[in-house]
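Below is one structure, written out as structure tokens; comments come after it.
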Amino acid sequence: MPQFAPLKNDTFLRALLRQPTEYTPLWLMRQAGRYLPEYRATRARAGSFLGLAKNPDYATEVTLQPLDRYPLDAAILFSDILTVPDAMGLGLFFADGEGPKFERPLRDEKAVLALQGPQPDSLQYVFDAVTQIRTELNGRVPLIGFSGSPWTLACYMVEGGGSDDFRTVKTMLYDRPDLMHHILRTNAAAVAAYLNAQIDAGAQAVMIFDTWGGALADGVYQAFSLRYMAEVMRQLKREKDGVRIPAIVFTKGGGLWLEQIADIGADAVGLDWTVNLAEARRRVGHQVALQGNLDPSVLFAGPSQIEAEVRKLLESFGKPEAGVGHIFNLGHGISQFTPPEAVTTLVEAVHNISRELRG
């Protein structure tokens with residue numbers, strides 16, 4: 001195992017663990033991505049999205065690009081949530097202009113019952129990228145590893161790609177819940193092993209993205225999404241070499257269930273932009289840190305409007321105190337159409353205004 005440089009900026013990790021910070025740390029979902037011209041140039045060199053994601057050199061390059069441009073407080077591994085089902089043999093590919101698709105979706109009982117976790121070496125390119133990124137960060141900021149949630153992965157695995165109405169996966173859920181639970185159990189074990197391997201490779205925090213949990217009915221969400229994220233949490237390494245590894249969970253559309261999400265054992269809960277931050281802080285108290293939750297569309301406004309929205313959000317959360325933590329983020333991924341200079345305004349505003357509010 002390589003020896004990594006000591007961490008120079010641990011503000012993000014301290015906020016996750018609800019320890020005092022001099023300012024509110026910030027990173028952005030999809031911060032390494034299409035809004036940056038340097039990302040688009042690297043992607044063109046790689047030849048395809050999978051060529052980019054499966055090459056540790058390219059993955060390292062694009063992970064570090066936003067850090068070279070902005071003083072962000074964390075890096076997040078450049079990868080895709082669908083690497084895990086791809087490694088389960090479903091045949092991930094990207095159709096031009098159509099997003100991810102699977103050649104062999106899980107459409108019948110035989111396919112579901114044959115599903116197995118990834119072979120140990122099938123995701124080594126991800127772990128190699130984690131180690132390389134952590135090494136090249138040289139202690140600048142912490143590195144976040146991540147996975148899709150068991151339910152969100154299942155949506156793609158059964159639908160065969162993205163979906164507007166989740167008709168195929170919900171039909172299986174209601175008609176054959178036994179098959180859906182089999183997929184989710186298999187996914188939960190795979191996700192936990194995947195995140196643990198990222199931690200072993202050098203990730204200093206991990207995040208579970210439950211992008212489609214909010215598409216489920218109340219009661220169904222708890223049984224088919226939350227239960228399996230809790231299962232991942234139970235299997236997750238929470239410490240590496242005596243250092244705490246914080247975990248974040250994020251269900252888009254999950255504000256209704258905030259208290260229940262906070263109960264599954266993560267250190268922080270991500271919030272989408274529909275949630276009132278002050279109310280969320282009141283609801284979870286000292287149980288977890290909160291991450292979020294600026295509407296990504298704010299970044300299409302002018303600098304003064306961006307600053308005003310940042311101030312509004314930071315004031316809504318209120319002054320941090322012992323046992324309370326806030327990590328500034330967007331309520332979902334940054335849009336590919338975002339002007340890069342808007343992110344400069346955002347980062348400066350978050351750092352400056354949060355320092356001012358701590359007074």
Side-chain angles (χ1 to χ4, degrees), residues 12 25-44 46 48-54 58-84 92 94 97-100 126 129-130 133 137 141-149 152-153 155-156 162 198 203 205-214 248-254 268 270-274 291-300 306 310 327-347 350:
F12 164 72
L26 140 108
W27 69 278
L28 304 176
M29 290 188 265
R30 293 199 198 129
Q31 67 188 22
R34 291 179 290 179
Y35 72 105
L36 290 177
E38 53 268 43
Y39 169 89
R40 297 195 294 272
T42 307
R43 164 83 167 68
S48 69
F49 178 82
L50 284 177
L52 190 63
K54 291 193 172 187
Y58 285 138
T60 299
E61 188 177 316
V62 294
T63 298
L64 297 179
Q65 283 169 349
L67 277 296
D68 292 337
R69 193 186 264 261
Y70 312 111
L72 296 156
D73 294 291
I76 183 164
L77 162 71
F78 178 81
S79 186
D80 192 272
I81 63 168
L82 300 182
T83 52
V84 171
L92 177 65
F94 282 78
E98 288 187 45
V126 176
V130 169
I133 294 161
L137 276 169
V141 292
L143 174 61
I144 306 166
F146 74 92
S147 173
S149 72
T152 291
L153 296 182
C155 288
Y156 289 99
Q198 290 183 46
V206 291
M207 180 160 170
I208 299 173
F209 286 90
D210 186 31
T211 312
W212 302 125
I248 310 162
V249 290
F250 172 60
T251 293
K252 186 168 183 282
L271 305 170
D272 66 30
W273 63 85
T274 65
Q291 178 175 279
N293 64 335
L294 189 73
D295 181 348
S297 296
V298 167
L299 296 176
F300 296 118
I306 293 172
V310 165
I327 300 93
F328 199 101
N329 208 314
L330 304 178
H332 196 49
I334 187 169
S335 163
Q336 62 174 305
F337 305 109
T338 303
E341 57 274 15
V343 179
T344 303
T345 303
L346 174 72
V347 177
V350 171

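- Side chains of K252 and W273 form a contact here, defined as non-hydrogen atoms less than 4.5 Å apart.
- Here P340 pairs with L36, P37, R69, Y70 under the side-chain contact (heavy atoms from CB on, under 4.5 Å) rule; sequence neighbours left out.
- Rounded to the nearest 0.5 angstrom, I144 CD1 and Q31 CD are separated by 7.0 Å.
- Not one N or O on the side chain of D210 forms a donor-acceptor pair closer than 3.5 Å with the backbone of V249.
- Nearest heavy-atom pair across L153 and I81 is CD2-O, 3.1 Å.
- Looking only at distances, a side-chain donor or acceptor of Q198 sits under 3.5 Å from a matching main-chain atom of F146.
- Ring geometry for W27 versus F12: interplanar angle over 60°, hence perpendicular rather than tilted (30 to 60°).
- Considering CD1 of I306 and CG of L294, their distance stands at 8.5 Å, rounded to 0.5 Å.
- The shortest side-chain heavy-atom distance between Y156 and W212 falls under the 4.5 Å cut-off.
- Between L299 and S335 the shortest side-chain heavy-atom distance does not fall below 4.5 Å.
- Note: T152 OG1 to F209 CZ = 10.5 Å, rounded to the nearest 0.5 Å.
- Here CG of L346 is found 12.5 Å from CD of E341. Values are rounded to the nearest 0.5 Å.
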Could you check F78 against I133 for side chain to side chain contact (heavy atoms under 4.5 Å, CB included), going step by step and ending with a plain yes or no? CA-CA 9 Å; F78 178 81; I133 294 161; 5.8 Å; no
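- Among all heavy-atom pairs drawn from D272 and G254, the shortest one is OD2-N, 4.1 Å.
- Taking both residues in full, the closest heavy atoms of T63 and A75 are given as CG2-CB, 4.2 Å, listed atom of the first, atom of the second, then distance.
- Between F300 and F337, the closest heavy-atom pair is CE2-O, 3.3 Å.
- Summarising the geometry of V126 relative to S79, their closest heavy-atom pair is CG2-OG, 4.2 Å, with the distance given to 0.1 Å.
- Contact of the V141 side chain with the L72 side chain is not registered, since no non-hydrogen atoms from C-beta on lie closer than 4.5 Å.
- With hydrogens and angles ignored, the 3.5 Å screen pairs a side-chain donor or acceptor of D73 with a backbone N or O of L26.
- Atoms CZ and NE2, from F250 and H332 in turn, are 6.0 Å apart once rounded to the nearest 0.5 Å.
- Under the salt bridge (Lys or Arg N to Asp or Glu O under 4.0 Å) criterion, K54 pairs with D86, not counting sequence neighbours.
- In this structure, P66 and Y35 approach most closely via the heavy-atom pair CB-OH, 4.2 Å.
- Residue N293 holds its CG atom at 9.5 Å from CG of N329, rounded to the nearest 0.5 Å.
- Listed for the S149 side chain is no donor-acceptor partner under 3.5 Å among the backbone atoms of I208.
- Not counting sequence neighbours, R34 has no partner by the salt bridge (Lys or Arg N to Asp or Glu O under 4.0 Å) test.
- Side-chain contact between P296 and I334 is absent, with no heavy atoms from C-beta onward closer than 4.5 Å.
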